[in-house]
Asks: 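A single structure is presented below for examination.
Below, each value reflects all heavy atoms present in this structure, side chains not excepted, and no hydrogens, waters or symmetry copies. Indexing begins at 1, ligand by ligand and atom by atom, following the structure's order.
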Amino acid sequence: MMQFPATRQSALQRLEEFLQEAPRYAARRNHVLPGHPQVSRLSAAIRHRLITEAEVVEAALQRYPFRLVEKFLQEVLWRGYWKGWLEMHPGVWEHYGVSSGRSAGAGDPEVAAACHEVAAGRSPSGIMNHFARELLETGYLHNHARMWWASYWIHHCGLPWELGAQHFFRHLLDADPASNTLGWRWVAGEQTRGKTYLATAGNIRKFCAPELLERAGGVGLDEHVVARAGQAGDPTVDDLSGLPEFPNEVGLSDPERRVAGILHDEDLCLETSPAAPLRPAVVLQFVPEPESPPSEPRTPWLELARADAARRAGEYFGCEVRVCRTPEELIQACSAGKVESVFMMEPFVGPLRDQLGDLPAELMRREISLVRLRRKWDSVLLPHANRGFFPFWNKVGRMLAKSGAEGLS
Ligand SMILES: Cc1cc2nc3c(=O)[nH]c(=O)nc-3n(C[C@H](O)[C@H](O)[C@H](O)COP(=O)(O)OP(=O)(O)OC[C@H]3O[C@@H](n4cnc5c(N)ncnc54)[C@H](O)[C@@H]3O)c2cc1C
């Protein structure tokens, strides 16, 4: 099996395997070990919804009492927290333009050269060079390594966080507009007022396996560095606009009506989604050209995951799955197939939503109705992400402890 599952089947297998270790997760998760045996390594599969958070949470709660796996569930919920927060603060995404290279310092050749060196693993710190290479080679970094590396980039090397976030976004298999942008903002001290994250040699020695440190040539951090002050409270953070609502259920589609489904990278499991009762004549898989080409490990991972999703959707709905590269191609395919109604899982704030652009308006212009769906999990839990993580967790954790996650998928 791949180290980072790229099909639904292998993600479910990895979940089963990981659950045997789940009660020990709280004590071991912060340690960075070769091969990362003590964490799930499911983030890319969850991010693209080969499996859903609801399935992961429900499987853990079927097997263990809540308190034994609480830390693991809490980490799974961090993802939804960031998603909900960014959805309610879309200006943060638009302003920083992490995916598009409009970020601070992008045009300065000196900054660009410094970023290039650190990103390629040619900096004064052995362990940070190791993580830089691990990211390029595997598309993955352990959470603690992401925090250390982002902190090194921002506070030790004095580089703009936006460019670091952009580098992560290009290379991570699990690249997610919310977790990545807000994770970097948090380390930079821009997400939570008064909080910045400084990587220290002591913390790295405590949590990094000695053999990794030895192989990497040691820590090599300047102990006198102090964290740069963040600018939490910039105007884009205050544009709380509420969470738009989308239906979580639809009835069986009218057999007389020609329906098409749109399948995309934000949700690669249409057959477990609210779209499951529909009977499309065709599924259109939206695979846009990326603004900047994704990295070596990310490209084959995404190809496998997309092919898996297309195969499952084709089998489940019993119809053809056709790839479309642009919104115009989607519209053409609908017009050519005399489609009267289209459904899709509503994408969250991020590049895919940006790339779909005027699709809803264009469909409407052609009198093709668009049904935008959202999983119950997102509709029920994400609106609580309007303050800090712990108020969020107090509400959603209590809900999950009481009722589990069944029915939220
Ligand atoms: C600077 C920075 C950038 C990050 N960028 C991303 C990103 O682009 N995509 C992404 O999915 N995660 C991101 N994270 C969060 C986290 O590092 C990864 O989700 C986690 O390391 C994935 O490994 P795992 O699946 O083995 O996690 P596990 O420890 O097994 O956790 C289980 C699941 O919980 C979720 N999760 C765990 N920790 C976090 C967290 N801190 N924030 C959000 N979700 C979490 C993930 O879905 C993960 O698969 C980032 C963190 C930082 C500090």
Asks: What are the atoms of ligand 1, with element, lying closer than 4.0 Å to any heavy atom of W78?
Replies: 40 (C), 42 (N), 43 (C), 44 (N)

Asks: What are the atoms of ligand 1, with element, lying closer than 4.0 Å to any heavy atom of W184?
Replies: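 Under 4.0 Å from W184, ligand 1 has these atoms: 1 (C).
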
Asks: Between D174 and ligand 1, does any nitrogen or oxygen pair lie at a separation below 3.5 Å?
Replies: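 N/O-N/O distance below 3.5 Å exists for this pair.
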
Asks: Are R311 and D308 within salt-bridge range, i.e. N to O under 4.0 Å?
Replies: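 So R311 pairs with D308 through a salt bridge.
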
Asks: What protein heavy atom is closest to atom 44 (N) of ligand 1, reported as residue, atom name and distance in Å?
Replies: R79 N, 3.4 Å

Asks: What is the closest protein heavy atom to atom 8 (O) of ligand 1, and at what distance does it sit?
Replies: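 Sorting protein heavy atoms by distance from atom 8 (O) of ligand 1 puts D176 N, 3.0 Å first.
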
Asks: Does the ring center of H36 lie less than 6.0 Å from the ring center of Y140?
Replies: yes

Asks: In terms of residue, atom name and distance, what is the protein heavy atom nearest to atom 32 (C) of ligand 1?
Replies: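 Going atom by atom, the protein heavy atom closest to atom 32 (C) of ligand 1 ends up being F72 CE1, 3.5 Å.
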
Asks: Does R47 have a heavy atom less than 4.0 Å from any atom of ligand 1?
Replies: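 Contact absent.
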
Asks: What protein heavy atom sits nearest atom 37 (C) of ligand 1, and how far away is it?
Replies: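 Here the closest protein heavy atom is E75 O, 3.6 Å.
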
Asks: Could you name the option among W148, W153, Y25, W186 that has the heavy atom nearest to atom 28 (P) of ligand 1?
Replies: Y25

Asks: Are F389 and W85 near enough that their ring centres are under 6.0 Å apart?
Replies: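 Centroid distance F389-W85: not below 6.0 Å, so no.
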
Asks: Is a side-chain donor or acceptor of S403 paired with a backbone partner of L400 at a separation under 3.5 angstrom?
Replies: no

Asks: Just need the protein heavy atom nearest to atom 15 (C) of ligand 1, so name the residue and atom and give the distance.
Replies: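 Here the closest protein heavy atom is N143 OD1, 3.9 Å.
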
Asks: Among F392, F390, W393, find the residue that satisfies the ring-ring contact (aromatic ring centres under 6.0 Å, His included) test when tested with Y81.
Replies: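 Filter result, single survivor: F392.
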
Asks: Counting only heavy atoms closer than 4.0 Å, does ligand 1 sit against the backbone of F169, its side chain, both, or neither?
Replies: neither

Asks: I need the nearest protein heavy-atom contact for atom 14 (N) of ligand 1: residue, atom name and distance, please.
Replies: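 Result: R146 NH1, 3.5 Å.
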
Asks: Indicate, with yes or no, if the rings of H48 and W301 have centres closer together than 6.0 Å.
Replies: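 Yes - the distance between ring centres of H48 and W301 falls below the 6.0 Å cut-off.
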
Asks: If we count only N and O atoms by modelled type, under 3.5 Å, do the side chains of S409 and T52 hold a donor and an acceptor together?
Replies: yes

Asks: Between F18 and F72, does the ring centre distance come in under 6.0 Å?
Replies: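 For F18 and F72, the ring centres are under 6.0 Å apart.
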
Asks: Tell me whether R387 at atom CZ has more than 12 heavy atoms from other residues, nucleotides or ligands lying less than 6.0 Å away.
Replies: no

Asks: Going by the atom numbers of ligand 1, which of them fall below 4.0 Å from some non-hydrogen atom of A175?
Replies: 8 (O)

Asks: Give me the residue, atom name and distance of the protein heavy atom closest to atom 19 (O) of ligand 1.
Replies: S43 CB, 4.0 Å

Asks: Identify, by atom number and element, the atoms of ligand 1 in contact range of R41, meaning under 4.0 Å from any of its heavy atoms.
Replies: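 Taking each heavy atom of R41 in turn, ligand 1 has 24 (P), 25 (O), 26 (O) under 4.0 Å.
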
Asks: Any idea which protein heavy atom is nearest atom 53 (C) of ligand 1, and the distance to it?
Replies: M147 CG, 3.6 Å

Asks: Quick check: does L172 get an N/O under 3.5 Å from an N/O on ligand 1?
Replies: no

Asks: Applying the ring-ring contact (aromatic ring centres under 6.0 Å, His included) criterion to H167, which one of W161, W149, W184 satisfies it?
Replies: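 For H167, the ring-ring contact (aromatic ring centres under 6.0 Å, His included) test succeeds with only one of W161, W149, W184, which is W149.
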
Asks: Please compare Y140, F18, F389, W149 and report which has the shortest non-hydrogen distance to atom 24 (P) of ligand 1.
Replies: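 Considering heavy atoms of Y140, F18, F389, W149, the nearest to atom 24 (P) of ligand 1 sits in Y140.
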
Asks: Does at least one non-hydrogen atom of R29 fall below 4.0 angstrom from an atom of ligand 1?
Replies: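 No.
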
Asks: Say whether Q38 and R28, considering side chains only, have a donor N or O and an acceptor N or O under 3.5 Å apart.
Replies: no

Asks: Which ligand 1 atoms does W82 reach within 4.0 Å, using its non-hydrogen atoms?
Replies: 42 (N), 43 (C)

Asks: Under a plain distance cut-off of 3.5 Å, with no hydrogens placed, do D174 and S43 share a side-chain donor-acceptor pair?
Replies: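 Yes, D174 and S43 have a side-chain donor paired with an acceptor closer than 3.5 Å.
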
Asks: With the threshold set at under 4.0 angstrom, would you say V187 reaches ligand 1 through any of its heavy atoms?
Replies: no

Asks: Any idea which part of I46 is under 4.0 Å from ligand 1, heavy-atom wise: side chain, backbone, both or neither?
Replies: side chain

Asks: If we count only N and O atoms by modelled type, under 3.5 Å, do the side chains of Q332 and E328 hold a donor and an acceptor together?
Replies: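 Q332 vs E328: no donor-acceptor pair found between side chains.
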
